[in-house]
2 protein chains.
Amino acid sequence: MTETATAGRALPHPEREEIRLEAVLHALSDPMRLQIVRELAAREAELTCSQFELPVTKSTTTHHFRVLRESGVVRQVYRGTAKMNGLRRDDLDSLFPGLLDSLLAAADRQSVRLGDGA
Amino acid sequence: MTETATAGRALPHPEREEIRLEAVLHALSDPMRLQIVRELAAREAELTCSQFELPVTKSTTTHHFRVLRESGVVRQVYRGTAKMNGLRRDDLDSLFPGLLDSLLAAADRQSVRLGDGA
DNA sequence: CGGCTCATACGATAATCCTCGTACTACGAG
DNA sequence: CTCGTAGTACGAGGATTATCGTATGAGCCG
């Protein structure tokens with residue numbers, strides 16, 4: 001009862017073998033979601049949904065996190081009322097070695113190039 | 001007139017600095033387009049649109065090539081009635097070092113893993 | 001010129017997607 | 001139990017997208 005209690009609801013995640021490259025690329029092709037993933041990678045910790053300051057409503061935020069989860073990019077776990085989000089680095093690195101780092105580096109580069117506030 | 005004659009029509013391409021990572025990822029998130037890019041990278045040559053055996057009509061093929069061109073992934077040049085397609089490797093490598101290779105490697109890996117006919 | 005091929009343009013259709021608002025559930029604190 | 005907070009579910013509106021069919025243009029060959 002000690003640990004199962006923290007996972008009140010179960011959230012559907014794709015298994016490692018079910019992760020599709022196209023789905024990952026599609027998930028990251030949205031500026032909002034790319035931003036989420038970048039922040040998640042920057043601080044190497046799990047974050048709650050509400051810790052991201054996104055210029056959209058809560059509904060839309062939920063939607064984006066679901067796309068990220070269903071594509072296999074992030075793992076979501078309930079802890080109390082909060083939902084912790086973590087990058088699935090192990091799975092992605094195992095499936096597509098080097099891809100995640102290249103993508104993050106590319107996003108950083110573009111951010112610098114365009115003078116983004118990041 | 002000698003060289004401009006070969007380029008009957010001019011096709012709009014984004015400049016190197018205008019290429020956006022999100023657009024590139026979106027372009028590659030479509031299975032059809034990812035396949036095109038993989039073939040283009042495999043044979044390191046320019047290919048005409050009709051040299052790809054895609055399970056869609058010509059109209060749709062044209063559409064996908066336009067998306068790839070407008071996102072900055074491929075460069076298209078007319079040669080006679082044929083339109084030659086080439087990967088913009090220089091531009092992409094310059095903007096996002098290592099990204100293209102990671103993406104192609106990831107696509108190859110997945111193709112092997114899923115037992116695709118490629 | 002006349003026909004053939006490669007590719008485009010335009011319109012249409014159906015699906016997907018981003019965004020939002022409102023109503024709702026789950027959990028923890030008092 | 002009641003309230004507040006975190007997040008979901010559902011539905012809807014509007015934009016983008018993938019696909020197709022048909023008609024059209026641009027260049028080559030006889």
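Naming: A, B, ... by sequence-line order, numbering from 1 per chain.
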#### Entry: Atom-pair distance (OH on A/Tyr78; C1' on D/dG7), nearest Å
6 Å
## Note on the structure
With the side chain defined as heavy atoms from C-beta on, B/Lys58 is closest, among C/dC6, D/dA6, D/dT17, to C/dC6
### Query
Are the side chains of B/Val77 and B/Leu11 in touch, meaning some heavy atoms are under 4.5 Å apart?
no
### Message
Under a 3.5 Å cutoff, is there a donor and acceptor pairing between the side chains of B/Thr57 and B/Thr60?
### Response
yes
### Task
Could you please name the option among C/dG21, C/dC18, C/dC6 that lies closest to any side-chain atom of A/Arg33?
C/dC18
### Query
Hey, is the side chain of A/His64 poking within less than 4.0 Å of OP1 or OP2 on C/dT19, counting only N and O atoms?
yes
### Query
Is the shortest distance from a Lys or Arg side-chain nitrogen in B/Arg38 or B/Asp116 to a carboxylate oxygen in the other one below 4.0 Å?
no
### Query
Where the side chain of B/Thr60 is concerned, which of C/dA7, D/dC20, D/dG7 is the nearest nucleotide?
D/dC20
### Message
Counting the atoms with a prime plus P, OP1 and OP2 as sugar-phosphate, which does B/Ser50 contact under 4.0 Å by heavy atoms, base, sugar-phosphate, or nothing?
### Response
sugar-phosphate
### Query
Are B/Asp90 and B/Arg75 within salt-bridge range, i.e. N to O under 4.0 Å?
no
#### Entry: Interatomic distance, B/Asp30 CG vs D/dT16 P [rounded to whole Å]
18 Å
### Message
I want to verify a distance call: between C/dC6, C/dT22, D/dT22, whose nearest atom is closest to the A/Ser59 side chain?
### Response
C/dT22
## Note on the structure
Side-chain atoms of A/Thr81 come closest, of D/dG21, C/dG28, D/dT17, to C/dG28
### Message
Applying a 4.0 Å non-hydrogen cut-off, can you work out what A/Thr48 is touching in the nucleic acid: base, sugar-phosphate, or nothing?
### Response
sugar-phosphate
### Query
Just by distance, with hydrogens left out, do A/Gln51 and A/Glu39 show a side-chain donor and acceptor under 3.5 Å apart?
no
### Message
Rounded to whole Å, please give me the gap between CZ in A/Phe52 and C1' in D/dA6.
### Response
15 Å
### Task
Round to a whole Å and report the spacing from CG of A/Leu54 to P of C/dC20.
11 Å
## Note on the structure
When A/Met32 and B/Thr61 are each assigned the nearest nucleotide of DNA chain C, the 5'-most assignment goes to B/Thr61
### Task
With heavy atoms under 4.0 Å as the rule, sort A/His63 into base, sugar-phosphate or nothing.
base
### Task
Please tell me which of the listed nucleotides, D/dA9, D/dA6, D/dG7, lies nearest to the side chain of A/Arg66?
D/dA9
